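First comes the structure, then the notes that go with it.
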Amino acid sequence: MSANRLKPEDIDKLGDALIALTHELWVLRDRQKVLERLLADAGVLSPDAVQGFQPDDSLNAELSAEREALINNVLRALSA
Amino acid sequence: MTAYQLQQRGRASIDFLTDLRGCSNRLEADPAVAGINPGAIFDYPQPGTNLDFVSMQAKAVRQLSDSQAFRVLRLCREWMLAAHGRIAMDAFAEMPVALSSALDAAKSGGSTLQHAPDLILPAYWEGYEFHRSMGGWDGHDYMGFVHGELIHFHMVGRALAGVLHAQRMAAAAAALCDSPERILEMGCASGQFTAALAETYPDACITALDLSPRQLEQTQRRGNEQGASWSLLQAAAEQTGLQSAQYDLVCSYAVFHELPRAAAEQVMAEKFRLCKVGGVLLMADVKPYSSLSAHEVWSADFWNQVVGGDPYWREYAMTDFIAMAKSSGFVDVVWQGLGQSHYPYVLTGRKPAPH
């Protein structure tokens, strides 16, 4: 297997992908912070409940769709 | 403006863009960037001179590319240019469906919009994504709202709270007329300057035109929500089809730097034709290169002309608009920057009585 799957000319796209990932990471962290605050304020959950949670099929499907969109966003930057 | 709230993704994305811009801008002060002197390459260009900018830029960028700070700054700015339009559309897409209905409803009111579906669009404009904004001016059913609100207000305006409107108010007030009865604005886009004109001249009858129907719709919403009765029409500023000599003030804001020189000459001539005798020309726009230091010329040229999606910025910035306005027939022509920042640059003139 080649150790150089990306060529030098891909480096700008890699930079774009890095920023795109940082963007997505921030959106997610923002949402998580909002959720944690809302849940704590409502007395619904403790942080431990989130830590040990196992998703069911429905949530797994939702997570899968969002994960795919995230990956496509990164690939768009890489292949633009 | 129609009430709306950014949803989580849009809000967080615009926060991210704002901070990415702020953080990356600090790289400009890095000694490795600030210390490189493109002034050695860029002379002080005077309007009308013919300099080889392509070669000068290539040489400057070769020097600057040795700077890691410059490379990272460029990476960040080009990512923002490429991404901001999509982020704005995504922010719109996650808003409640009711917003679309509210935006549709806001088109009803005293401000009228005349579409021109058979209008032949200028080649320099059709399909081009100015500012590298995805979809251009019409690439979305609600592009006027997407551009005027989500891009202009939230993305651009976030770091310039109040400044953008203040600049437009200053430009409107710079017209050499106290109380124009009839005003024509050419290239109104989403109505930011139209609103400043209305605020400055509340008794004036305002007509505004643009090539983009989606942007005109946003101007119409803005007018209706202010209780105004603006006459809006889709038309090319080069050839409006309007009756001659019927406006006291013919103006534009940030339009000429989007035009190739031949089109700019046509628009200037059309402004003259549409002015009443004694009527006033007002053109507010970005700074000409003749007003900038060599380093500022390099910076403005690189970030706007070379990578910024403004293909006619350089032509504009190197054009002698005093000569162009005089050649079109205007007199008492003055071109100067406003306020301490000398921005925007405003060209004023007057249409004389015929000999």
Side-chain angles (χ1 to χ4, degrees), chain A residues 4-45 47 49-50 53 55 58-80, chain B residues 5-27 61 64-95 129 132-135 150-151 154-155 158 302 306-307 309:
Chain A
N4 297 307
R5 282 166 291 173
L6 293 179
K7 294 183 176 179
E9 56 266 35
D10 297 326
I11 195 70
D12 283 347
K13 293 170 186 170
L14 195 61
D16 287 342
L18 180 66
I19 301 177
L21 270 173
T22 312
H23 167 223
E24 293 297 342
L25 177 64
W26 172 250
V27 171
L28 193 60
R29 284 176 64 172
D30 178 287
R31 192 171 188 90
Q32 185 176 328
K33 279 282 190 190
V34 170
L35 278 171
E36 288 177 0
R37 170 65 66 86
L38 289 172
L39 291 170
D41 287 353
V44 175
L45 292 175
V50 175
F53 182 78
S58 166
L59 182 56
N60 262 328
E62 202 173 321
L63 288 170
S64 177
E66 292 199 18
R67 195 164 52 243
E68 194 173 320
L70 169 61
I71 292 168
N72 283 335
N73 201 19
V74 176
L75 293 183
R76 181 164 51 226
L78 275 171
S79 58
Chain B
Q5 280 190 319
L6 292 169
Q7 302 297 291
Q8 186 268 332
R9 182 182 172 83
R11 177 183 57 74
S13 294
I14 292 170
D15 288 345
F16 177 79
L17 276 176
T18 302
D19 286 352
L20 180 62
R21 180 171 54 214
C23 293
S24 58
N25 279 350
R26 291 179 201 138
L27 294 166
V61 170
L64 285 161
S65 293
D66 288 338
S67 159
Q68 187 180 39
F70 172 75
R71 296 196 300 270
V72 175
L73 177 62
R74 182 175 181 178
L75 172 70
C76 291
R77 286 190 174 170
E78 292 214 50
W79 186 86
M80 288 185 277
L81 283 163
H84 77 277
R86 179 173 48 77
I87 286 174
M89 288 191 193
D90 287 350
F92 183 85
E94 68 173 345
M95 287 181 176
E129 294 180 337
R132 294 172 66 176
S133 202
M134 191 172 87
L150 303 181
I151 294 177
H154 285 285
M155 293 183 182
R158 174 79 65 90
F302 182 75
V306 178
V307 300

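This is a predicted model, so every value here is computed, not measured.
Of all non-hydrogen atoms in B/Ala12 and A/Val27, the two that sit nearest each other are CB-CA, 3.9 Å. Closest non-hydrogen pair, A/Trp26 versus B/Asp15, comes out as NE1-CB, 4.3 Å. Between A/Ile19 and B/Phe16, the shortest heavy-atom contact is O-CZ, 3.9 Å. Scanning all heavy atoms of the two residues, the minimum distance from A/Asp16 to B/Leu75 falls at OD1-CD1, 3.5 Å.
Looking at B/Arg74, neither its backbone nor its side chain comes within 4.5 Å of chain A, counting heavy atoms on both sides. Residue B/Arg71: no heavy atom, backbone or side chain, is found under 4.5 Å from chain A.
A salt bridge does not link B/Arg9 with A/Asp30: every distance from a Lys NZ or Arg NE/NH1/NH2 to an Asp or Glu carboxylate oxygen is 4.0 Å or more.
Within a 6.0 Å radius of CD in A/Glu9, more than 12 heavy atoms belonging to other residues, nucleotides or ligands are found.
Contact count against chain B (heavy-atom pairs under 4.5 Å) is highest for A/Thr22 among A/Val34, A/Thr22, A/Asp12, A/Leu28.
Rounded to the nearest 0.5 angstrom, A/Gln32 CD and B/Gln8 CD are separated by 11.0 Å. Note that NE2 of A/His23 and CG of B/Leu17 are 6.5 Å apart. Values are rounded to the nearest 0.5 Å.
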